[in-house]
Amino acid sequence: MGTETSGFEDLTRRFDEMSAQLALARADIETLLESSGRAHRRLDAGEDEAGRSRGQAAEDRERIKALEDRAAIDRELLVEIRNEGLLLEGENRSLHEALQTARAIGAAVGIVMALRQVKEVEAFGVLRVASQAQNRKLRVIAEEIVIAGDLTSLPEH
């Protein structure tokens with residue numbers, strides 16, 4: 001019986017070793033399952049964050065597009081405003097020149113009225129006839145009269 005006992009003890013020892021290994025394997029499995037669960041939770045959280053990031057990126061792209069569209073419209077408006085400003089500047093110069101011309105002509109008419117003792121309509125007529133006869137602008141003749149006060153270049157009534 002000694003051998004049978006020793007065979008039984010051997011089997012018991014092997015059974016105990018295998019039970020210990022199985023317990024270690026189960027502990028490893030539990031650890032791996034926990035680790036896997038944490039990894040899945042991190043992955044899910046990462047995917048959620050990635051989804052939020054993708055959503056934020058899409059929103060950012062939409063905002064950028066809207067800002068770019070607005071910037072293009074603003075550039076067009078600035079060009080129009082600048083062009084209008086240039087037009088207004090040209091109109092302003094023309095109006096300024098017209099005002100200066102009107103002043104010179106008015107002053108020349110006054111000089112002719114005073115020196116020739118005629119009415120305003122007649123004085124303007126004298127300037128107009130001189131302009132046509134000399135083929136020169138009325139403004140130029142008026143400026144010369146205002147500067148020099150000389151009426152010798154003008155026709156008599």
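Since we're looking at a predicted model, the values are computed, not measured.
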>> Give me the atom names and distance for the closest heavy-atom approach of R116 to P155.
In response: NH1-O, 2.7 Å

> Say you draw a straight line from CD1 of I105 to CG of L138; how long is it, rounded to the nearest 0.5 Å?
Replying inline: 4.5 Å

> Should I141 and I145 be marked as a side-chain contact (heavy atoms from CB on, under 4.5 Å) after you check the CA-CA gap, both sets of side-chain angles, and the distance that decides it?
Replying inline: CA-CA 6 Å; I141 293 172; I145 291 171; 4.0 Å; yes

> Excluding sequence neighbours, so at least two apart, what forms side chain to side chain donor-acceptor pair (under 3.5 Å) with R54?
Replying inline: none

> Sequence neighbours excluded, which residues qualify as side chain to side chain contact (heavy atoms under 4.5 Å, CB included) partners of Q56?
Replying inline: E59, D60

> With a 4.5 Å heavy-atom cut-off, do K137 and T101 have their side chains touching?
Replying inline: no

> Who are the salt bridge (charged side-chain N to carboxylate O under 4.0 Å, His left out) partners of E17, not counting sequence neighbours?
Replying inline: R13

> Does R52 have any salt bridge (charged side-chain N to carboxylate O under 4.0 Å, His left out) partners at least two apart in sequence or in another chain, and if so, which?
Replying inline: E49

>> Check for me, please, whether I147 and V126 land in the same ILVMFWY cluster - side-chain distances under 4.5 Å, paths through other members count.
In response: no

> Quick one: side chain to side chain donor-acceptor pair (under 3.5 Å) partners of T31, sequence neighbours excluded?
Replying inline: none

>> Under the rule for salt bridge (charged side-chain N to carboxylate O under 4.0 Å, His left out), what residues qualify as partners of R42, not counting sequence neighbours?
In response: none

>> Using the side chain to side chain donor-acceptor pair (under 3.5 Å) criterion, which residues pair with E97? Sequence neighbours excluded.
In response: none

> Taking all non-hydrogen atoms of both residues, which atom of R41 and which atom of E34 are closest, and how far apart?
Replying inline: NH2-O, 4.5 Å

> If every non-hydrogen atom of A130 is compared with every non-hydrogen atom of L154, which pair is closest and at what distance?
Replying inline: CB-CD2, 3.5 Å

>> Run the salt bridge (charged side-chain N to carboxylate O under 4.0 Å, His left out) test against D16 and tell me which residues pass, sequence neighbours left out.
In response: none

>> If you compare all heavy atoms of M113 against all heavy atoms of E120, which two are closest, and at what distance to 0.1 Å?
In response: SD-CA, 3.5 Å

>> If hydrophobic clusters are built by linking Ile, Leu, Val, Met, Phe, Trp and Tyr wherever their side-chain heavy atoms come under 4.5 Å apart, do V112 and L115 end up in the same one?
In response: yes

> Just by distance, do the side chain of Q134 and the backbone of S153 share a donor-acceptor pair under 3.5 Å?
Replying inline: yes

> For the residue pair L127 and A108, what are the closest heavy atoms and their distance?
Replying inline: CD1-CB, 3.9 Å

>> Going by the rule side chain to side chain donor-acceptor pair (under 3.5 Å), which residues pair with Q100 if we only count those two or more places apart in sequence or in a different chain?
In response: R103

> Rest of the hydrophobic cluster containing L33 (Ile/Leu/Val/Met/Phe/Trp/Tyr, side-chain heavy atoms under 4.5 Å)?
Replying inline: I29

>> Could you report the tightest heavy-atom contact between A104 and E143, atom names first, then the distance?
In response: CB-CG, 3.8 Å

> Remaining members of I73's ILVMFWY cluster at a side-chain heavy-atom cut-off under 4.5 Å?
Replying inline: L77

>> Under the rule for side chain to side chain contact (heavy atoms under 4.5 Å, CB included), what residues qualify as partners of L43, not counting sequence neighbours?
In response: E47

> Once you round to the nearest 0.5 Å, how far does CD1 of I64 lie from CD of E68?
Replying inline: 7.0 Å

